[in-house]
Amino acid sequence: MLRLIPAPLHRAAYRAAHGIRKRWWKLVKPHLVGCSVVAIDLQDRLLLVRLSYGSQAWSLPSGGIHRNETPEAAARREFREETGCDANAMILLGVEDEPLYGARNTVHVFATRISAQPTADRREVMEARFFPLHSLPEPITEKTRRRLAMWRDHSKKR
(Lines give C-alpha, C1' and ligand atoms only; values in the text may rest on other atoms or scores of the structure.)
Protein backbone atom coordinates (compact mmCIF):
# COMPACT_ATOMS: atom_id res chain seq x y z
CA MET A 1 0.00 0.00 0.00
CA LEU A 2 2.79 2.47 0.89
CA ARG A 3 4.36 1.72 -2.50
CA LEU A 4 1.52 3.71 -4.07
CA ILE A 5 3.02 6.90 -2.61
CA PRO A 6 5.61 8.41 -4.99
CA ALA A 7 9.17 7.89 -3.67
CA PRO A 8 9.99 11.64 -3.28
CA LEU A 9 6.84 12.16 -1.21
CA HIS A 10 7.60 9.05 0.83
CA ARG A 11 11.12 10.39 1.59
CA ALA A 12 9.67 13.75 2.63
CA ALA A 13 7.27 11.93 4.99
CA TYR A 14 10.21 10.03 6.54
CA ARG A 15 12.07 13.31 7.14
CA ALA A 16 9.01 14.97 8.69
CA ALA A 17 8.25 11.93 10.89
CA HIS A 18 11.88 11.78 12.03
CA GLY A 19 11.76 15.45 13.08
CA ILE A 20 8.56 14.90 15.06
CA ARG A 21 9.94 11.71 16.62
CA LYS A 22 13.12 13.51 17.80
CA ARG A 23 11.08 16.27 19.45
CA TRP A 24 8.76 13.73 21.11
CA TRP A 25 11.70 11.72 22.49
CA LYS A 26 13.29 14.89 23.93
CA LEU A 27 10.02 15.70 25.67
CA VAL A 28 8.96 12.24 26.89
CA LYS A 29 12.42 10.61 27.32
CA PRO A 30 11.23 7.03 26.69
CA HIS A 31 13.33 3.90 27.03
CA LEU A 32 13.77 2.62 23.48
CA VAL A 33 14.99 -0.86 22.55
CA GLY A 34 16.61 -1.47 19.19
CA CYS A 35 18.96 -3.60 17.15
CA SER A 36 21.83 -3.09 14.74
CA VAL A 37 23.56 -5.51 12.35
CA VAL A 38 27.22 -5.66 11.33
CA ALA A 39 27.07 -7.57 8.03
CA ILE A 40 30.18 -8.77 6.25
CA ASP A 41 30.12 -10.37 2.80
CA LEU A 42 32.23 -13.26 1.49
CA GLN A 43 34.93 -10.79 0.37
CA ASP A 44 35.16 -9.37 3.92
CA ARG A 45 33.45 -6.10 2.97
CA LEU A 46 31.14 -4.22 5.34
CA LEU A 47 27.54 -3.46 4.37
CA LEU A 48 26.48 0.11 5.12
CA VAL A 49 23.30 2.03 4.40
CA ARG A 50 22.53 5.71 3.93
CA LEU A 51 19.04 6.73 5.03
CA SER A 52 16.86 9.41 3.45
CA TYR A 53 16.40 11.18 6.81
CA GLY A 54 18.57 12.09 9.78
CA SER A 55 22.24 12.94 9.24
CA GLN A 56 22.36 10.94 5.98
CA ALA A 57 25.74 9.59 7.08
CA TRP A 58 26.62 5.96 6.36
CA SER A 59 25.50 3.59 9.09
CA LEU A 60 24.71 -0.01 9.90
CA PRO A 61 21.24 -1.41 9.23
CA SER A 62 19.35 -0.72 12.46
CA GLY A 63 15.90 -0.25 13.88
CA GLY A 64 13.48 -0.70 16.70
CA ILE A 65 12.32 -3.88 18.36
CA HIS A 66 8.55 -4.32 18.39
CA ARG A 67 6.63 -5.41 21.48
CA ASN A 68 6.81 -9.22 21.89
CA GLU A 69 9.59 -9.46 19.25
CA THR A 70 12.95 -10.99 20.16
CA PRO A 71 16.06 -8.89 19.47
CA GLU A 72 17.28 -11.42 16.89
CA ALA A 73 13.92 -11.52 15.08
CA ALA A 74 13.90 -7.71 15.00
CA ALA A 75 17.47 -7.63 13.68
CA ARG A 76 16.53 -10.05 10.89
CA ARG A 77 13.39 -8.04 10.05
CA GLU A 78 15.16 -4.67 10.03
CA PHE A 79 18.06 -6.08 8.03
CA ARG A 80 15.68 -7.45 5.40
CA GLU A 81 13.65 -4.20 5.29
CA GLU A 82 16.73 -2.00 4.85
CA THR A 83 18.84 -4.15 2.52
CA GLY A 84 16.53 -6.67 0.84
CA CYS A 85 18.86 -9.43 2.09
CA ASP A 86 18.26 -12.31 4.45
CA ALA A 87 20.79 -12.69 7.25
CA ASN A 88 22.50 -16.01 7.85
CA ALA A 89 23.51 -17.08 11.35
CA MET A 90 23.34 -14.15 13.76
CA ILE A 91 25.84 -13.66 16.57
CA LEU A 92 25.02 -11.29 19.42
CA LEU A 93 28.09 -9.06 19.86
CA GLY A 94 26.72 -7.17 22.83
CA VAL A 95 24.18 -4.70 24.12
CA GLU A 96 24.84 -0.94 24.32
CA ASP A 97 22.99 1.75 26.21
CA GLU A 98 23.20 5.13 24.51
CA PRO A 99 21.31 8.40 24.47
CA LEU A 100 19.18 9.06 21.39
CA TYR A 101 17.65 12.53 21.11
CA GLY A 102 17.00 12.64 24.85
CA ALA A 103 15.73 9.06 25.06
CA ARG A 104 17.57 6.10 26.56
CA ASN A 105 18.25 3.59 23.79
CA THR A 106 19.28 -0.01 24.48
CA VAL A 107 20.70 -1.54 21.28
CA HIS A 108 21.37 -5.24 20.66
CA VAL A 109 24.28 -5.46 18.22
CA PHE A 110 24.46 -8.54 16.00
CA ALA A 111 26.91 -9.78 13.37
CA THR A 112 26.18 -11.89 10.33
CA ARG A 113 27.79 -12.97 7.09
CA ILE A 114 25.83 -12.57 3.87
CA SER A 115 26.26 -13.57 0.25
CA ALA A 116 23.44 -11.58 -1.37
CA GLN A 117 23.69 -8.18 -3.06
CA PRO A 118 21.82 -5.42 -1.14
CA THR A 119 19.21 -3.21 -2.73
CA ALA A 120 18.02 0.17 -1.48
CA ASP A 121 14.29 0.90 -1.62
CA ARG A 122 15.10 4.58 -2.45
CA ARG A 123 12.46 5.58 0.10
CA GLU A 124 13.83 4.97 3.59
CA VAL A 125 17.21 3.73 2.38
CA MET A 126 18.90 5.77 -0.34
CA GLU A 127 21.95 3.53 -0.72
CA ALA A 128 23.03 0.09 0.52
CA ARG A 129 26.56 -0.90 -0.46
CA PHE A 130 29.56 -2.97 0.54
CA PHE A 131 32.83 -1.27 1.43
CA PRO A 132 36.30 -2.69 2.10
CA LEU A 133 37.02 -2.51 5.83
CA HIS A 134 40.20 -0.52 5.15
CA SER A 135 38.37 2.07 3.05
CA LEU A 136 35.07 3.09 4.65
CA PRO A 137 33.12 6.06 3.27
CA GLU A 138 32.68 9.41 5.00
CA PRO A 139 30.73 10.58 6.77
CA ILE A 140 30.15 7.52 8.92
CA THR A 141 28.24 7.66 12.20
CA GLU A 142 30.05 7.41 15.52
CA LYS A 143 27.68 4.61 16.52
CA THR A 144 28.79 2.66 13.46
CA ARG A 145 32.45 3.14 14.41
CA ARG A 146 31.74 1.91 17.96
CA ARG A 147 29.80 -1.13 16.77
CA LEU A 148 32.45 -1.97 14.21
CA ALA A 149 35.06 -1.87 17.01
CA MET A 150 32.81 -4.24 18.98
CA TRP A 151 32.76 -6.59 15.95
CA ARG A 152 36.56 -6.40 15.58
CA ASP A 153 37.05 -7.19 19.30
CA HIS A 154 34.74 -10.17 18.98
CA SER A 155 36.52 -11.37 15.81
CA LYS A 156 39.93 -11.26 17.53
CA LYS A 157 38.66 -13.55 20.30
CA ARG A 158 37.55 -16.24 17.85
Side-chain angles (χ1 to χ4, degrees), residues 1-3 10-41 46-114 116 118-131 136 139-158:
M1 176 106 167
L2 290 177
R3 295 281 173 218
H10 206 159
R11 288 191 296 270
Y14 271 116
R15 286 189 295 276
H18 182 65
I20 292 167
R21 179 173 59 182
K22 287 188 327 187
R23 285 186 208 93
W24 179 251
W25 288 343
K26 283 181 183 175
L27 180 67
V28 177
K29 301 184 184 333
H31 180 196
L32 306 170
V33 184
C35 58
S36 188
V37 180
V38 178
I40 306 294
D41 74 354
L46 176 66
L47 176 58
L48 295 173
V49 297
R50 195 172 57 79
L51 301 176
S52 62
Y53 57 89
S55 71
Q56 297 186 12
W58 291 95
S59 61
L60 296 172
S62 304
I65 297 175
H66 296 158
R67 182 174 283 136
N68 299 322
E69 186 176 36
T70 67
E72 183 175 334
R76 288 181 182 283
R77 176 184 51 76
E78 285 289 344
F79 189 73
R80 178 104 174 93
E81 287 175 5
E82 292 192 5
T83 68
C85 299
D86 289 318
N88 292 320
M90 290 276 218
I91 299 166
L92 179 63
L93 298 176
V95 179
E96 291 186 318
D97 274 318
E98 63 191 15
L100 182 64
Y101 306 115
R104 181 174 153 224
N105 191 23
T106 300
V107 181
H108 296 76
V109 182
F110 290 90
T112 190
R113 188 144 316 244
I114 66 168
T119 55
D121 66 6
R122 305 285 300 153
R123 291 166 184 272
E124 179 182 14
V125 178
M126 294 304 294
E127 294 182 77
R129 295 184 10 213
F130 288 109
F131 294 93
L136 297 178
I140 193 168
T141 68
E142 202 49 50
K143 293 173 189 172
T144 297
R145 291 183 197 286
R146 233 183 15 259
R147 292 170 187 158
L148 191 52
M150 185 186 290
W151 172 78
R152 285 185 172 122
D153 289 346
H154 183 270
S155 297
K156 287 178 190 174
K157 295 175 187 173
R158 295 181 76 201

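Treat the numbers as computed from the prediction; the structure is a model and nothing was measured. One-based numbering along the sequence shown.
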Considering all heavy atoms of both residues, which atom of [X] and which atom of [Y] are nearest to each other, and what is their separation?
{"X": "Asp41", "Y": "Arg113", "result": "O-NH1, 2.7 Å"}
{"X": "Phe79", "Y": "Cys85", "result": "CD2-O, 3.4 Å"}
{"X": "Glu82", "Y": "Pro61", "result": "OE1-CA, 3.2 Å"}
{"X": "Pro71", "Y": "Ile65", "result": "CA-CD1, 3.7 Å"}
{"X": "Ser36", "Y": "Ser62", "result": "OG-OG, 2.9 Å"}
{"X": "Leu47", "Y": "Ala128", "result": "CD1-C, 4.1 Å"}

Identified side-chain contact (heavy atoms from CB on, under 4.5 Å) partner of Trp151 from the options Leu60, Leu46, Leu93, Ile91: Leu93
Among Val33, Leu100, Asp97, the one residue meeting side-chain contact (heavy atoms from CB on, under 4.5 Å) with Asn105: Leu100
Below 4.5 Å, heavy atoms only, C-beta onward: do [X] and [Y] meet side chain to side chain?
{"X": "Leu48", "Y": "Arg129", "value": "no"}
{"X": "Tyr14", "Y": "Leu51", "value": "no"}
{"X": "Glu96", "Y": "Lys143", "value": "no"}
{"X": "Ile114", "Y": "Phe130", "value": "yes"}
{"X": "His31", "Y": "Thr106", "value": "yes"}

Mind checking the [atom1]-[atom2] spacing from [X] to [Y]? Nearest 0.5 Å is all I need.
{"X": "Trp58", "Y": "Arg50", "atom1": "CH2", "atom2": "CZ", "result": "6.0 Å"}
{"X": "Glu78", "Y": "Glu81", "atom1": "CD", "atom2": "CD", "result": "5.0 Å"}
{"X": "Ser59", "Y": "Arg147", "atom1": "OG", "atom2": "CZ", "result": "9.0 Å"}
{"X": "Asp153", "Y": "Lys157", "atom1": "CG", "atom2": "NZ", "result": "6.0 Å"}

Residue list, salt bridge (Lys or Arg N to Asp or Glu O under 4.0 Å) with Glu124, at least two apart or on another chain: none
Salt bridge flag under 4.0 Å for residues Arg146 and Glu98: yes
His18 and Arg21 side chains, donor-acceptor separation under 3.5 Å: yes
Give a yes or no answer on whether the side chain of [X] reaches the backbone of [Y] with a donor-acceptor pair at less than 3.5 Å.
{"X": "Ser52", "Y": "Val125", "value": "no"}
{"X": "Arg76", "Y": "Asn88", "value": "yes"}
{"X": "Arg11", "Y": "Arg123", "value": "no"}

CZ (Arg145) with more than 12 external heavy atoms under 6.0 Å: yes
With sequence neighbours excluded, residues passing ring pair (Phe, Tyr, Trp, His ring centres under 6.0 Å) with His66: none
